[in-house]
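All values reported here derive from a predicted model rather than from experimental measurement. Whatever order the structure lists ligands and atoms in, that order sets their numbers, starting from 1.
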Amino acid sequence: MKIRVVENVLKLNDEVAALNRARLAEAGVRCVNLIGSAGCGKTTLLLATLSTLSGELAIGVIAGDIATTRDAERIARHCPEVVQVNTGGGCHLDANQVRQGLAGLPLEDLDLVFIENVGNLICPVGFDLGQDASVGAFSVPEGDDKPAKHPRVVLESDLLLLSKTDLLPYVPFDLEGFRESIRMLREDVPLLELSAATGAGLANWIRWVTELART
Ligand SMILES: Nc1nc2c(ncn2[C@@H]2O[C@H](COP(=O)(O)OP(=O)(O)OP(=O)(O)O)[C@@H](O)[C@H]2O)c(=O)[nH]1
Ligand SMILES: [Mg+2]
């Protein structure tokens, strides 16, 4: 009996991701794929980023969600170049959805595109979207054990964030243990600790974003 095996179910996604990467490079735009659990603070961080960098960088956003245009509506108050992608139940964005999102942005006029992935720390990690950099976001209320429980996001991100640090005095959270669990998995990944609510630590993130956009 002959059994046909699909060896790479992600092959088509990878091919479209390569097209996205080529399109972004042609337009001279950098792209960040922002991954984190539902409610970890992705949109709030993007809003703070957009208002800090307005006038300095031309930024577009692709907001991924299962349903609603709520994030795009929030972002549109700070940035006209925003596209909402609804996955209709899908737990992550794929490269083809991002391709459609990119088609809705004036890439030639932009320096940087943020992709806010669907709020989920698991499924988005395996899908290349054509980004230049992947950012994995943890937040204080999720608990200090999340890097150990979700090692893939630690292993595959170019930058890690710990958001909502303003909540550290109120939530049981072992900050040293959190940092150590990341270092156990990877020595080299940078970690930025910040609060979009108070602005603490935000300057380091803005510096990272600006450097990426200008390289
Ligand atoms: N205390 C505190 N709350 C925050 C901070 N950032 C975001 N929040 C709150 O956390 C909640 C979720 O924030 P969002 O920015 O919508 O989170 P998200 O990751 O975009 O959520 P999804 O798109 O639904 O996955 C909101 O009530 C925010 O006001 C922060 O730095 N500190
Ligand atoms: Mg959001």
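Closest heavy-atom contact between L162 and L191: N-CD1, 4.0 Å.
With hydrogens and angles ignored, the 3.5 Å screen pairs no side-chain donor or acceptor of S157 with any backbone N or O of V154.
Side-chain atoms of N33 and N117 form a donor-acceptor pair, as typed in the model, at a separation below 3.5 Å. Between the side chains of N204 and R207, at least one donor N or O lies within less than 3.5 Å of an accepting N or O. Remark: the E116 side chain and the T43 side chain contain an N/O donor-acceptor pair separated by less than 3.5 Å.
Of the protein's heavy atoms, T44 OG1, 3.3 Å lies nearest to atom 7 (C) of ligand 1. The protein atom (non-hydrogen) at minimum distance from atom 12 (C) of ligand 1 is G39 O, 3.5 Å. Counting protein heavy atoms only, atom 9 (C) of ligand 1 is closest to K164 NZ, 3.9 Å. At the shortest separation from atom 32 (N) of ligand 1 among protein heavy atoms lies D166 OD1, 2.8 Å. Closest to atom 16 (O) of ligand 1, if we only count protein heavy atoms, is R74 NH1, 2.9 Å. Taking atom 18 (P) of ligand 1 as the reference point, the nearest protein heavy-atom neighbour is K42 N, 3.4 Å.
Among the heteroatoms counted here (N, O or S) of E116, OE2 is the one nearest to the Mg ion (ligand 2). For D71, the N, O or S atom closest to the Mg ion (ligand 2) goes by the atom name OD2.
Note on ring orientation: taking the six-membered ring where Trp is involved, the planes of F178 and F138 are perpendicular (angle over 60°, cut-offs 30° and 60°).
Under 4.0 Å is where a charged nitrogen must lie from a carboxylate oxygen, and between E73 and R70 no such pair does. No salt bridge links E142 with K164; every basic N to acidic carboxylate O contact stays at or beyond 4.0 Å. Ion pairing between a basic and an acidic side chain is recognised when a charged N comes within 4.0 Å of a carboxylate O; R183 and E180 show no such pairing. In this structure, D71 pairs ionically with R74, as a charged nitrogen and a carboxylate oxygen lie closer than 4.0 Å.
Taking a distance limit of 4.0 Å, we find that atom 27 (O) of ligand 1 is approached by no protein heavy atom. Closer than 4.0 Å to atom 4 (C) of ligand 1 lies at least one heavy atom of the protein.
In this structure, N96 and Q100 have side chains that are in contact, with non-hydrogen atoms separated by less than 4.5 Å.
With ligand atoms numbered from 1 in the order given, ligand 1 contributes 15 (O), 18 (P), 20 (O) to contacts under 4.0 Å with heavy atoms of T43. Of all atoms in ligand 1, listed by their number and element, those nearer than 4.0 Å to a heavy atom of L167 are 1 (N). Counting atoms of ligand 1 from 1 in the listed order, those under 4.0 Å from a heavy atom of G41 are 7 (C), 13 (O), 14 (P), 15 (O), 17 (O), 18 (P), 19 (O). Residue-ligand proximity, S195 to ligand 1, at heavy-atom distances under 4.0 Å covers atoms 31 (O).
Inclusion of A196 in the set of residues having an N or O under 3.5 Å from an N or O of ligand 1 is warranted.
Within the 4.0 Å heavy-atom criterion, neither part of V118 lies near ligand 1.
For A38, the heavy-atom gap to ligand 1 drops under 4.0 angstrom. Contact between G36 and ligand 1 is absent, with no heavy atom of the residue lying under 4.0 Å from the ligand.
Just one residue in the list V189, L192, V32 forms a side chain to side chain contact (heavy atoms under 4.5 Å, CB included) with L159, and that residue is L192.
In summary, an N, O or S atom of T43 is located under 2.8 Å from the Mg ion (ligand 2).
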